[in-house]
Number of protein chains: 2
Amino acid sequence: MSPVHSLLWRSLRVYQVYGANTDVGKTIITTLLCKAATKSGRVAYLKPVSTGSQEEADDRHIEKYAPDVIRKTLFQYELAMSPHAAAKGKLVPTDKELLSKIYDFASEEAKQDAGWLFIETAGGVHSPGPSGTTQADLYTPLRCPIILIADAKLGGISLSVSAFESLRLRGYDVQAILVFQDAKYDNEQYLRDYFTSRYGIFFASLPTPPHKVDDADVDAEKLSLYYKEVGESKIFAQILKQLRSKHGRRVAGLTSMRRQADKSIWYPFTQHKLLSPKDIVVIDSAQGDFFQTLAPEGDEKQPILQPSFDGSASWWTQGLGHGSPSLALAAAYAAGRYGHVMFAGAIHEPALALANTLLQNMENPRLSRVFYSDDGSTAVEVAVKMALRAARLRYGWASSTEIGIIGLKGGYHGDTIGAMDCAEPSTFNENIEWYSGRGIWFDYPSVKCINGRWVIEMPDTLRADLGDDQVFESLSDVFDIEARESKKGQEVYEKYIEKILVYHLSNGRKFGALLMEPIVIGAGGMDLVDPLFQRALVTVVRRSANLFGSCQESDTSNPTCWTGLPVIFDEVFTGLYRLGRFTASSFLKTDPDISVHAKLLTGGLVPLSVTLASENIFDAFKSDDKADALLHGHSYTAHPIGCQVALESLTQLRRMEMRGEWDWAKDADWSGSPSSQSSAAQTAMWSIWPSHMLNWISNQTQLVAGTWALGSILSIHMKTTDGQGYKSNAALKLQSSLLEGDREKLWNIHSRVLGNVLYLMGSQKTTKDDVVEIVKQVERALST
Amino acid sequence: MSPVHSLLWRSLRVYQVYGANTDVGKTIITTLLCKAATKSGRVAYLKPVSTGSQEEADDRHIEKYAPDVIRKTLFQYELAMSPHAAAKGKLVPTDKELLSKIYDFASEEAKQDAGWLFIETAGGVHSPGPSGTTQADLYTPLRCPIILIADAKLGGISLSVSAFESLRLRGYDVQAILVFQDAKYDNEQYLRDYFTSRYGIFFASLPTPPHKVDDADVDAEKLSLYYKEVGESKIFAQILKQLRSKHGRRVAGLTSMRRQADKSIWYPFTQHKLLSPKDIVVIDSAQGDFFQTLAPEGDEKQPILQPSFDGSASWWTQGLGHGSPSLALAAAYAAGRYGHVMFAGAIHEPALALANTLLQNMENPRLSRVFYSDDGSTAVEVAVKMALRAARLRYGWASSTEIGIIGLKGGYHGDTIGAMDCAEPSTFNENIEWYSGRGIWFDYPSVKCINGRWVIEMPDTLRADLGDDQVFESLSDVFDIEARESKKGQEVYEKYIEKILVYHLSNGRKFGALLMEPIVIGAGGMDLVDPLFQRALVTVVRRSANLFGSCQESDTSNPTCWTGLPVIFDEVFTGLYRLGRFTASSFLKTDPDISVHAKLLTGGLVPLSVTLASENIFDAFKSDDKADALLHGHSYTAHPIGCQVALESLTQLRRMEMRGEWDWAKDADWSGSPSSQSSAAQTAMWSIWPSHMLNWISNQTQLVAGTWALGSILSIHMKTTDGQGYKSNAALKLQSSLLEGDREKLWNIHSRVLGNVLYLMGSQKTTKDDVVEIVKQVERALST
């Protein structure tokens, strides 16, 4: 089933009517809206889910008093209860099925000479739909503008404001608030002032409908008169004018955004001379793994928006899907409780709880301290400041000593100058004025699936020392470190690494840290690194206490103390379940002295990062001099919103793991693990991307050099004639074919390329259903 | 009147009972709670605001069925309506008065051998209190844990969930949700599952009370029996056990946080060896300008929390006060609509709207482009990357050329290495491994109020060139740039600046930008800079096209193009109303080519920064080569939450300015402007800190070297015997006296010092009432 579409057409104005409570006159007001709108053209009325007897159903009301209106009910349940209760034991559509049927109906309406579609909800904003999801959660992807019917009764102010807030915190745009006049409680006056002064929302009050009387005929007559008088009154003309103008402005806004953005935005990492305004992706909203983006221009009956799979997981940040109401509420809670509060010398609950949660879940006995900062780049700078100081003090170097880091070729750690200095010189930074690569960078063996087999590819530069490519049956075998070490596979690596280090050290170079991204080189080309090589690097760096200088202090026997050099793992991208596990270091069975985390930390909501360190490193900054402290700290350090959201994210991710919510992907059929492997080994290396897909891609040898998948990442390395790396354009054709997407069902895949590499990335909430559809698109795109 | 206190004692468990709707049985359940609690000690019941006839008041219910309970109603209005409606035309307490009376009552209870206090609200969560503020907004500073009575009726699921969300987004902790059993709708089952699985909240259902009958005696008898049976049932024992244990955990949590934080947190800019755990400020919540912090330890009848004025405006971020519900809802809206969405080559509404709002309000014709990043430090790195590239290309320097910046002594621009490199070497960065000051830094004349007069102080190093101190009648006179320039006051400055520049240039130095904090040197010592000197710097840098190199391209006549060098203003601290105006550059009547903003940008909620630049600078990065682009971009670039919150903040700040909400501070009596000055000049330089205070402080000449105030900043420069600057401890005594605070009314002032300087900073919402109280404390602290 294709992804959910938002409802937006030029030709059709769609509104969803929510009530602040049951029995606030939703049906009467919707009938009035329908009736008034028929004056200017075709009007449709949709009740997705109706409860109660057919005879008393809301669309009967429409039929009787607004007979020109097209009517439709999608699901009818006879009990006069909340849909979830009425549907018990009956045919219950999934949320996606329900949304899809709504889209189909609206889509057909849009093809007519249509004008308006009013969708009436059931009960209050959070009344549960048939599946049990509350309507406010269920209908968000549709992103219909809302008409909220406020409550005129005693207590109605409270209910109306709360209902509004529940809608607003799900990203709904409430465009009009309507209420019946009531002389006794006069909620109208308060609510009008409240909503217009705070939110500038259009507000109108309507004459109260006639009281029900026992005689049905009299009742109908009175109501009929009411509908005639009120429906034709000025107020409804005014309401419809408002709605019409807001619809026009929304469409005009969306279609003019590219031009405006092209004039005022300076994009990150973007060569503006090569950016055509028409290629700017206009994002109206995002839910789960999908953006709703401006669709290619069509006639006025074509949808304006289309779902786009967020194939870069929004620059690698998404974990719990876009628009998660639980993350939104976590953010709002911390905002309401604290706003931001200063952190130097202060403590608040979310910061402390997050620190403890992280330290506990890392399962790294070395780590005992949490330093907060704002993003991966700043957190890496903090890590480097930590490591360099600790090393300098231990080896007794003067503060003016030029100290470098040991890293991997292609490693990338952020865009601030200090973080950039940790990356080797390349076409992409050598032009930057204050950049100077400070360190040495090892080339490394990398892992790919080629022709259905798992190959450790040895770069030409290393073959003389490290031998040829190695072939494995499965990725789990590549990562079976114990088995490979029992065959002494690491010895040749260690020997080579030591040789190179000794060479540089004997030339007077000084080093203060081993810094690398464990398992995956991200921005540097989405490359899977042979874990044995990274492990060998750590081993060599740690085993010789006096390799890097003569220790000024005796190394302690405490196993949590660093030896040789502090080892920094930059897990900004690879940690926190991106590769399917809480830490990436667990694949290496190695504990870093400093560990850097960001991106998924907040589940994909707000910037926040942490640098975790050992007590041993922490102690290096203790002195009687203020100036010896770690001099780093941003204004929003440990901002409560980020900490609270991170706590909620980590809790949810851990819970998903415990509950086996990724079991579908760990299944042998999907993962293609050889049955000979133990189930532990099977699930140790798992991905949302199926092995049959990898197999298929890896056999497209005319186009594809290799591929791999782990956790939520799929990486496709295209063959290239223009050299590998960032400057290659080899992946652009595949990218543009995915962006073209499924023209019939109107959805597409937004992806990012790194030179000759195209990658796709899901969230930790990505469904099997969606992956199946995406796999089809990728195979189609690679076949054409 | 002293600030509002949260309600937390060891000896007294305070709970607030909210209803999801009116008529959900709040009074009955509260009576049951009271009755059950009396078994274990003293119980008090407080109805802050009661409406309806005295005879039917809720406390009559308590009186009748739980006679042992202490009862109190603070405000009684006879009409049976919402409090705001019932109070119309009657005596209406301000919100602060009401909260203060609640605290007084609770405080007296805590002194007894008390056990419980139940505070019953009126109507639903958002029913307006007497002043019109809804209760959920009104009662937040009390931070009572909440017992929410859910609604068992049709539609009650929706109302209960929405009511919960409205509470949650104001930072309330809902500790128990109670509902009457109802076989028909069975909301209980749904709500129990919803709240326990999502939020882990204790949930219990209670037997339905007997139906009302006409005979009052029978009614009373039935109810009496109901109370006896239910109140003594296991369920209430269980509820009270839960509440008791949560209260215990809250107290234990707060009192153990320091110890825990001391073990796991690595603080920013903190010498841990000098940080005593007992000095860690434990922040339970924050509202407006006040934290609620752990109070000094007392006996168990003493309050556990006290209000603390957030005197650093939480490291200079606060604009709209802590815990603003409108900012919280703006954050939640963007979270619900988008989460975070990737920004490279994409656009979304909040990012575009914020960019346009900023560009428009800057009123700087040079600025046309907005680059988003995460904090002030990264935004400065972006600015420097921009300027250096533009200068290098214009002057045709090779990319390896060492290019410096021109800055001011003590200028500080952030903690990442690139931003640190923009600050001159000092004890505070020379120890940092990768730091190297890249540039030259001018000493400058600074402004202080000394003995009631405004003095431009000339540092000794500049006296030979720039003459002696100058004295002015008012700060407005110092800032009357036109008047001073008409007297040619700038000429001596310009001559000196040119001399120094020529000296360095003739020694082969190359410069790529003038970078400075306009008006106030912040982290470098909270120093007010003579605006004429900063203006002279800009003039000299701009006027000689070939001073810094030979132009490779002809300067265009377009007045928005930079000449000489790009001028960067770091307004991270000083912009967006911190000094009372939208921009700090407006004081200098000078338009920078690049302008950097953060901190107040989001009103004090989440990290977000912008670097605004001219089209001319932007064009320098255009080429056919991807690698020539501005290579910077964080994962959360232009995160929608930050942009939406910033939009809301700027809208509110602009609105406050338009509506004259700072007129009290601009008033001549307060500002002490000489009556001879025009009203425009009076209001051009205004502060929330009164001139009589400045006058008084500036006359404490034994202790104080000088003082100044502008916008929300008050800066007190203490006399020092241990040298000026960061290492001085001269301000510590004042700081600790402010932290001691008012022991009788139990509130204090949390402040930060910069060496010999103690500053206080309000938000843009700080009230005159609070300033008056703070002034008293400052004068007391300086007098003892």
Side-chain angles (χ1 to χ4, degrees), chain A residues 22 123-124 126-127 155 158 161-162 165-166 168-171 257 261 264 266 268-269 271 273 281 283 285-286 314-315 317 322 328 331-333 335-339 341-342 344 346-348 355 369 371 374-375 381 388 415-418 427 433 607 622 626-627 629 632-637, chain B residues 22 123-124 126-127 155 158 161-162 165-166 168-171 257 261 264 266 268-269 271 273 281 283 285-286 314-315 317 322 328 331-333 335-339 341-342 344 346-348 355 369 371 374-375 381 388 415-418 427 433 607 622 626-627 629 632-637:
Chain A
T22 49
H126 269 311
S127 292
S158 182
V161 172
S162 281
E165 291 181 345
S166 288
R168 184 102 183 133
L169 80 79
R170 284 164 179 81
M257 274 172 92
S264 63
W266 190 334
F269 274 101
Q271 178 47 266
K273 197 175 173 190
V281 179
I283 302 175
S285 74
S314 280
W315 263 3
T317 61
H322 293 279
Y333 167 75
R337 179 168 174 187
Y338 307 95
V341 294
M342 76 107 55
I347 192 68
H348 53 81
R369 290 280 164 181
F371 191 101
D374 291 346
D375 53 39
E381 293 220 6
L388 266 50
D415 309 334
T416 51
I417 295 295
T427 46
E433 283 68 22
K622 279 187 177 166
K626 282 196 266 182
H632 204 105
H634 303 284
S635 309
Y636 285 93
T637 297
Chain B
T22 48
H126 270 310
S127 291
S158 182
V161 173
S162 281
E165 290 181 344
S166 288
R168 186 98 183 135
L169 80 79
R170 284 163 178 81
M257 275 172 91
S264 63
W266 191 332
F269 274 101
Q271 177 47 265
K273 198 174 172 190
V281 179
I283 303 175
S285 74
S314 279
W315 261 3
T317 61
H322 293 280
Y333 168 75
R337 180 169 174 187
Y338 306 96
V341 294
M342 76 109 54
I347 191 70
H348 54 79
R369 291 280 164 180
F371 191 101
D374 291 345
D375 54 38
E381 293 220 6
L388 265 50
D415 310 332
T416 52
I417 295 294
T427 47
E433 284 67 22
K622 279 188 179 166
K626 282 196 265 181
H632 203 104
H634 303 285
S635 308
Y636 285 94
T637 297

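Letters A, B, ... are given to chains in the order of the sequence lines, protein chains preceding strands, and every chain is numbered from 1.
- With chain B as the partner, the residue from Ala335(A), Pro607(A), Ala344(A) showing the most heavy-atom pairs under 4.5 Å is Pro607(A).
- Between the side chain of Glu381(B) and the backbone N or O of Ile417(A), at least one donor-acceptor pair lies under 3.5 Å.
- What you find for Arg369(B) and Trp266(A) is that their closest heavy atoms are CB-CE3, 4.1 Å.
- Considering all non-hydrogen atoms of both residues, Arg170(B) and Glu165(A) come closest at NH2-OE2, 2.7 Å.
- Options Ser127(A), Gly171(A), Ala331(A), Ala355(A) differ in how many heavy-atom pairs under 4.5 Å they form with chain B, and the most are formed by Gly171(A).
- No other option in His634(B), Met257(B), Lys273(B), Arg337(B) has as many heavy-atom pairs under 4.5 Å with chain A as Arg337(B).
- The OG1 atom of Thr416(A) sits 11.0 Å away from atom CG of Asp415(B), with the distance rounded to the nearest 0.5 Å.
- If you tally non-hydrogen atom pairs under 4.5 Å between each of Thr637(A), Thr317(A), Val161(A) and chain B, the highest count goes to Thr317(A).
- No other option in Ser285(A), Gly418(A), Ala346(A), Ser166(A) has as many heavy-atom pairs under 4.5 Å with chain B as Ala346(A).
- The contact between Thr22(B) and chain A is made entirely by side chain atoms (from C-beta outward), counting heavy-atom distances below 4.5 Å.
- Neither side chain, Ser162(B) nor Ser162(A), offers a donor N or O lying under 3.5 Å from an acceptor on the other.
- With chain A as the partner, the residue from Gly124(B), Gly339(B), Ala286(B) showing the most heavy-atom pairs under 4.5 Å is Ala286(B).
- Taking all atoms of both residues into account, the shortest heavy-atom contact from Tyr338(A) to His322(B) is O-ND1, 2.8 Å.
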Applying side-chain contact (heavy atoms from CB on, under 4.5 Å), run through Tyr636(B) and Asp375(A) and close with a yes or a no.
CA-CA 8 Å; Tyr636(B) 285 94; Asp375(A) 53 39; over 6 Å; no

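- Proximity to chain B involves both the backbone and the side chain of Ser264(A), based on heavy atoms less than 4.5 angstrom apart.
- The choice from Val281(B), Leu169(B), Ile283(B), Ile347(B) that makes the most heavy-atom pairs within less than 4.5 Å of chain A is Ile347(B).
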